[in-house]
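Below is one structure, written out as structure tokens; the observations come after it.
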Amino acid sequence: MTPDDSGSGGSTALSDKERVSTSLPNWRNVDVHSSEERAASSPFCHPLAEEESPTATATAAPWSKSAYHSALDLHERMQSCTDPYIAPMLKSALHDMEMAYRLYGPFCMVGSYNGGKDAVVIFHLMRAVHAHYCSEMEKADGSLMIPRPRVIYFQHPDEFPDVLSLLDETVGTFDVDMLAFKDGVSFGEGLKYLVERNIAPGKDGLSFDTSPLPPPHPLAFVLGTRKDDPNAGSQGVYAPSSHYMPPFLRVNPILDWTYGHVWHFLRFFELPYCSLYDDGYTSLGNVKDTLPCPALKKSGENEEYWPAYMLRDWGLERAGRTDKKKAKKQEDEKAEGDASNAPEVTISQTSSTISLPVDKNEAPKLTKSMSGVMNIDDDMAAAINTEASTIASPQFSSISQPTVGLIVIGDELLKGMTPDSNILSAAKALRSNNISLSRVSIISDDGQDIVDEIRRFIKEVDVIITSGGVGPTHDDVTIKSVAEALGQDMEIHYEMAELLLEKMGSNDLGEDDSDTNTKDRRKLLIRQMSQGQVKMATLPTSSVLQYLTDDLEEWPVLQCQNLFILPGVPTYFEKMIKQVAAYLPGVSSKLVQSSKTGESQEEEEEIGLSVDQPSQTDKQSTPPPRSDTYRIVLSLEEDSIVPALTASVAAHPHVSFGSYPIVDDPEYKTIITLEGRFYNGGYTKGSQRLLEKSVTEDKKQSLYFSKEEMDRNIALALKDLKTSLPEEGIVCIDSCDDLRIK
């Protein structure tokens with residue numbers, strides 16, 4: 001695998017260093033579980049025979065002249081690049097790499113090289129900077145050995161042969177040192193092995209006969225992470241390793257590069273990459289979880305795809321990747337013969353002041369006969385006289401209700417082109433299930449705005465509902481933004497794909513194809529899909545289609561962790577928000593737990609968030625009790641009732657009060673609303689959470705009021721407020737939560 005080091009014509013004699021180089025392999029397999037490897041020191045150093053060196057027992061492999069000068073030439077071409085698209089990104093990446101080399105040196109810089117396009121970019125950036133750094137080092141001391149660049153790879157039994165072919169070819173051609181960790185060695189184990197044993201050789205090599213050995217040198221790993229990768233998080237160009245990993249520095253020189261920059265760089269400098277990318281693959285996993293990108297499929301019946309660099313929508317980069325756990329689950333079911341017995345999946349179908357639009361239903365009318373002596377007094381008296389000891393304590397298995405935030409997406413709303421009705425629908429549906437809609441935001445169809453708003457809501461509410469921005473057109477960017485906000489890949493969701501094809505009458509896969517293996521069936525599905533259908537079927541990896549109604553003609557609701565993605569069309573939104581609002585009480589504790597702790601996909605499945613179907617218990621869960629709402633209609637101006645209202649609010653913390661002035665009405669001036677609080681925790685849901693943490697499970701039920709207790713609390717508040725207000729100013733007291741009067 002080592003290229004010819006003999007120079008031009010092949011007649012020049014090899015130097016001592018080059019003789020050593022020809023005997024040192026480029027590729028070495030490492031099993032850290034073996035006792036021999038565990039006893040080894042300085043993994044990148046090659047053992048030497050006694051005749052090769054009288055003093056050293058190991059040495060770093062010197063870099064061949066041909067590979068060294070090839071890398072120097074590449075560095076010069078990169079530095080002199082004037083291409084307006086890639087040059088600024090390239091110069092920044094080179095600078096970041098050079099700073100890392102200046103701090104760590106050539107013996108302590110290791111690249112991650114798995115054959116993917118990003119890793120290929122890193123591989124060539126690293127060998128170019130490695131050569132440039134060593135050339136500067138050589139100018140200072142011409143006797144110093146120039147070592148090979150160092151890379152690592154974790155082997156996988158299901159690796160694409162094309163990837164292995166690329167790795168084998170490039171490692172030899174460019175004369176690098178590759179440590180390939182055998183299958184079964186985890187990333188953590190492999191990195192720990194390197195970090196604990198990185199002893200840099202001196203000028204004459206390294207002797208393991210000396211005791212004690214010098215301490216290991218700090219390591220820096222060069223990675224191909226980009227900001228839109230699911231694992232990028234909040235990393236910078238230089239980032240320390242996570243707390244659960246061994247200590248090392250992550251160097252991310254292409255963090256700000258896009259999919260377009262990657263391909264422009266590789267093609268501009270004519271660098272070799274895996275042949276799978278020319279066959280339509282855009283992101284490589286392994287043979288079991290990766291297909292060509294559906295967005296690159298050529299028209300017609302032939303199974304042909306455009307090359308990866310022709311992908312227009314870079315958000316579909318990972319559309320050919322499938323969920324590993326779902327794929328494994330399907331494979332296990334087939335192996336166990338369970339597929340024929342599994343239930344068939346039926347495809348039946350995704351703080352500002354506001355003025356609410358007028359409802360189609362007529363507003364409640366007020367008449368003079370409603371004023372004066374009110375019949376409601378008898379009900380109030382009955383509630384007040386109820387003994388607290390006779391009120392049964394509530395018994396709810398999962399009583400804690402989530403707070404919900406609604407993000408309404410649409411340029412047409414911000415431009416005043418159409419009125420919004422989805423906020424009203426959401427507020428009514430959630431309130432009818434005693435769920436708090438605590439935050440509403442209206443934003444544009446800009447992808448980054450959606451990402452930022454979702455991340456803001458994640459910190460403030462338990463459950464997020466989005467409205468709008470789903471569909472096949474250019475401005476339908478909600479789903480892609482959800483994936484980015486949650487740090488997830490986008491992949492073809494094959495249940496959604498079948499659903500779309502069936503709904504649109506183009507699914508030719510029938511029961512006769514049930515024996516077709518999973519991968520072939522997926523290829524058949526993709527072949528039938530239009531470009532718009534491909535986009536709508538490309539979803540975040542945690543996506544679950546929730547069938548919240550028994551009506552098989554209804555579309556399911558798309559759920560990603562604690563986020564529900566609903567369409568913006570009011571008719572569809574109103575129908576789906578009612579289903580979601582009824583569903584939340586049964587799963588609220590799971591959703592709240594997921595939103596607070598940020599579980600991985602595996603942990604989500606353990607707590608039941610990744611199930612394909614909600615249980616009957618979830619579907620049929622009864623929402624906790626809700627207090628009646630009362631309103632007091634006054635002929636008094638709002639500022640005249642402030643003292644009485646303030647005193648009542650202070651005296652009745654378990655009742656929620658609202659005050660609303662009426663403008664341009666000669667008779668009605670103010671409406672006061674009263675509603676009993678469900679949580680026995682003071683004024684806010686946040687207060688309830690603090691109380692909830694301070695009590696044990698057997699006392700938790702005391703944090704919630706029963707319906708009878710809420711009625712008693714509100715009756716006391718009504719009586720108090722009624723006596724505090726001038727009787728002649730009270731037009732009406734009734735049980736109603738509508739602020740409109742007629």
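What's counted below: heavy atoms across the whole structure, side chains too, no hydrogens, waters or symmetry copies.
- Contact check for His130 versus Pro147: side-chain heavy atoms found under the 4.5 Å cut-off.
- For Arg250, there are no salt bridge (charged side-chain N to carboxylate O under 4.0 Å, His left out) partners two or more places apart in sequence or in a different chain.
- The pair Glu317-Lys117 meets the salt-bridge criterion, with a side-chain N (NZ, NE, NH1 or NH2) lying under 4.0 Å from an Asp/Glu carboxylate O.
- Using modelled atom types, no side-chain atom of Trp27 and backbone atom of Leu179 make a donor-acceptor pair closer than 3.5 Å.
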Carefully, step by step, assess Arg150 and Asp177 under the rule salt bridge (Lys or Arg N to Asp or Glu O under 4.0 Å). CA-CA 5 Å; Arg150 300 176 169 189; Asp177 253 344; 5.1 Å; no
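- Inter-residue side-chain proximity for Phe265 and Leu125 is flagged as met; some heavy-atom pair is nearer than 4.5 Å.
- For Asn114 against Ala119, the heavy-atom pair with the smallest separation is OD1-CB, 3.2 Å.
- Taking 4.5 Å as the limit, every side-chain heavy atom of Leu539 sits out of range of all side-chain heavy atoms of Glu491.
- For the atom pair OH (Tyr305) and CG (Leu291), the distance works out to 7.0 Å, reported to the nearest 0.5 Å.
- Ring pair Phe187/Phe154 is tilted by interplanar angle, where 30° to 60° counts as tilted.
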Show, in sequence, the C-alpha distance, side-chain angles and deciding distance for Asp256 and Lys227, and conclude whether the salt bridge (Lys or Arg N to Asp or Glu O under 4.0 Å) test is met. CA-CA 6 Å; Asp256 293 324; Lys227 277 186 176 177; 3.0 Å; yes
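- Between Arg226 and Asp118, at least one side-chain nitrogen of the basic residue sits less than 4.0 Å from a carboxylate oxygen of the acidic one, meeting the salt-bridge criterion.
- One finds the CD atom of Gln79 at 13.0 Å from the CZ atom of Arg77 (value rounded to the nearest 0.5 Å).
- Test Tyr309, Tyr259, Trp306, Trp263 against Tyr277 for ring-ring contact (aromatic ring centres under 6.0 Å, His included) and you get one pass: Trp263.
- Here the two rings, on Phe269 and His124, have centers that are 6.0 Å apart or farther.
- Using a 4.0 Å cut-off between a side-chain N of Lys or Arg and a carboxylate O of Asp or Glu, Asp489 and Arg318 qualify as a salt bridge.
- Side-chain atoms of Glu159 and Tyr153 include a donor-acceptor pair closer than 3.5 Å.
- Note that CE of Met178 is 12.5 Å distant from CZ of Arg148, once rounded to the nearest 0.5 Å.
- Distance check: Met99 CE to Asp96 CG gives 8.5 Å after rounding to the nearest 0.5 Å.
- Using a 4.0 Å cut-off between charged side-chain N and carboxylate O, Glu189 and Lys192 make no salt bridge.
- Annotation for Ala295 and Leu316: closest pair CB-CD1, 3.6 Å, computed over non-hydrogen atoms.
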